[in-house]
There are 2 protein chains.
Amino acid sequence: MYFIHMIPGIRMTAPSPLSALTTRTTRLFTHLLERDLKKSGLRIGQLPVLQALQDGKALNQKALADFADIEQPGMTTLLARMERDGLIQRKPDPTDRRSTQVTLTPDGQRKSWNIVPIMEHLTDAALKGFTPLERDILVTLLERINNSLKEQL
Amino acid sequence: MYFIHMIPGIRMTAPSPLSALTTRTTRLFTHLLERDLKKSGLRIGQLPVLQALQDGKALNQKALADFADIEQPGMTTLLARMERDGLIQRKPDPTDRRSTQVTLTPDGQRKSWNIVPIMEHLTDAALKGFTPLERDILVTLLERINNSLKEQL
DNA sequence: ATGAAATACATAACATGTTATGTATTCGGA
DNA sequence: TCCGAATACATAACATGTTATGTATTTCAT
């Protein structure tokens with residue numbers, strides 16, 4: 001049986017600038033992730049693309065934008081930089097001349113293997129001292145906020 | 001007496017890409033906040049500056065950068081845009097010729113009053129259905145993650 | 001008192017994202 | 001079948017942030 005007051009440090013606070021708190025957390029994650037990815041020559045914006053294409057899949061740019069949850073022009077410029085840096089390849093879709101098939105280069109493939117341990121290490125560091133229950137509570141509460149915010153769209 | 005299982009929707013999950021969850025939440029906050037601020041002619045990056053100077057205070061750019069938790073060059077360009085848009089004024093510090101005193105213009109002052117209700121409304125929407133206890137738990141857990149991540153810097 | 005270090009600001013180059021808009025191709029209904 | 005709508009991508013302009021670097025001023029230790 002778990003009691004909420006068993007969560008270390010729990011205290012009753014005044015309303016907090018919640019968006020500022022999530023923003024700071026995200027910027028810390030971003031900063032540390034960029035630092036760790038640097039050794040592999042990767043950038044944080046590239047992660048969703050590398051993840052989506054890791055198993056050799058070919059996707060078009062719209063599908064990648066949807067996967068990464070960014071707009072299409074953002075994906076276009078991201079892929080231009082990744083192509084410039086030799087991480088991906090684009091070739092025309094033979095079945096639809098509007099569309100472009102994107103795949104990882106061998107170098108992109110190789111570098112993508114570094115991502116999982118880096119993410120795991122950082123997540124472990126972030127959740128240091130968390131019980132599995134606390135982690136679940138956090139995820140649940142964040143997802144509830146996410147859903148509430150999506151209703152505002 | 002509170003039991004953790006009383007938190008609606010609580011369930012035991014596999015480890016989640018926590019940074020992706022906080023990033024999505026932050027981007028939702030940003031998107032909605034930008035939308036609401038647009039009516040007042042404000043942008044999200046301007047909020048810390050308006051907040052720091054709201055009561056007529058004059059701060060130099062370094063102090064504002066520290067307050068906003070961004071680097072100095074980012075604050076320089078932000079203030080250049082805000083000056084261009086008539087929200088702030090810069091004048092040389094008479095006691096230190098390296099330094100610039102930044103103050104809000106009357107227009108900046110006036111617009112800054114719109115911020116608090118907008119933030120409150122969005123926070124209320126985000127925390128819809130949260131008990132005060134749940135809000136406190138979320139803040140506590142996020143602050144613990146923040147502190148753990150800062151140790152990694 | 002002076003010279004090295006620290007501080008405040010600016011600028012350049014860049015990554016990452018947005019909205020607005022244009023172009024080419026494909027799809028689907030009259 | 002053909003024309004208008006939808007789709008895929010590109011480009012421009014911009015906001016927001018970063019690191020690297022330069023310049024001017026101030027501070028501080030010898």
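Throughout, a chain's letter reflects where its sequence line sits, starting with A, and its residues are numbered from 1. Quick caveat, the model's predicted, so the values are computed rather than measured.
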Practice task
Say whether A:Thr95 and A:Asp93, considering side chains only, have a donor N or O and an acceptor N or O under 3.5 Å apart.
Solution key: yes
Practice task
Would you indicate, yes or no, if C:dT16 has its OP1 or OP2 atom less than 4.0 angstrom from a side-chain nitrogen or oxygen of A:Arg81?
Solution key: yes
Problem - Interface with DNA chain D, restricted to residues 37-44 of chain A and to heavy atoms under 4.0 Å - result: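 Under 4.0 Å from DNA chain D: no residue of residues 37-44 of chain A.
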Handout entry: Student check: side-chain heavy atoms of B:Thr77 and B:Arg81 closer than 4.5 Å
Key =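 Counting from C-beta outward, B:Thr77 and B:Arg81 do come under 4.5 Å.
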Indicate yes or no for a side-chain donor-acceptor contact from [X] to the backbone of [Y] under 3.5 Å, with no hydrogens or angles considered.
X: A:Asp85; Y: A:Leu87; result: no
X: B:Glu34; Y: B:His31; result: no
X: A:Thr105; Y: A:Gly86; result: yes

Exercise for the section: Map A:Glu34 and A:Thr95 onto DNA chain C by nearest heavy atom, then report which one ends up closer to the 5' terminus. Expected result: A:Glu34
Interatomic distance, [X] [atom1] vs [N] [atom2] [rounded to whole Å]:
X: B:Leu47; N: D:dT16; atom1: CG; atom2: C1'; result: 13 Å
X: A:Arg84; N: C:dA13; atom1: CZ; atom2: P; result: 15 Å
X: B:His31; N: D:dA15; atom1: NE2; atom2: C1'; result: 15 Å
X: B:Asp93; N: D:dT25; atom1: CG; atom2: P; result: 13 Å
X: A:Ile70; N: C:dA15; atom1: CD1; atom2: C1'; result: 12 Å
X: A:Asp85; N: C:dC14; atom1: CG; atom2: P; result: 12 Å
X: B:Gln46; N: D:dC14; atom1: CD; atom2: P; result: 16 Å
X: B:Asp69; N: D:dG17; atom1: CG; atom2: P; result: 10 Å

Handout entry: Heavy-atom pair of closest approach, residues B:Ile145 and A:Leu127
Key =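 Minimum heavy-atom separation between B:Ile145 and A:Leu127: CD1-CD2, 3.8 Å.
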Handout entry: B:Lys57 versus B:Thr103, closest heavy-atom pair with distance
Key = O-CG2, 3.9 Å
Fill in the blank from the handout: Under a 4.0 Å heavy-atom criterion, the protein footprint on nucleotides 3-11 of chain C, written with B, S and -, is ----BSBBB
Practice task
Assign A:Arg27 to base, sugar-phosphate, or nothing according to its heavy-atom contacts below 4.0 angstrom with the strands shown.
Solution key: sugar-phosphate
Completion exercise
Output for pair (A:Ser148 OG, B:Leu28 CG), nearest 0.5 Å, gives 10.5 Å
Problem - Value rounded to 0.5 Å, distance of CG in A:Leu122 from CZ in A:Arg35 - result: 8.5 Å
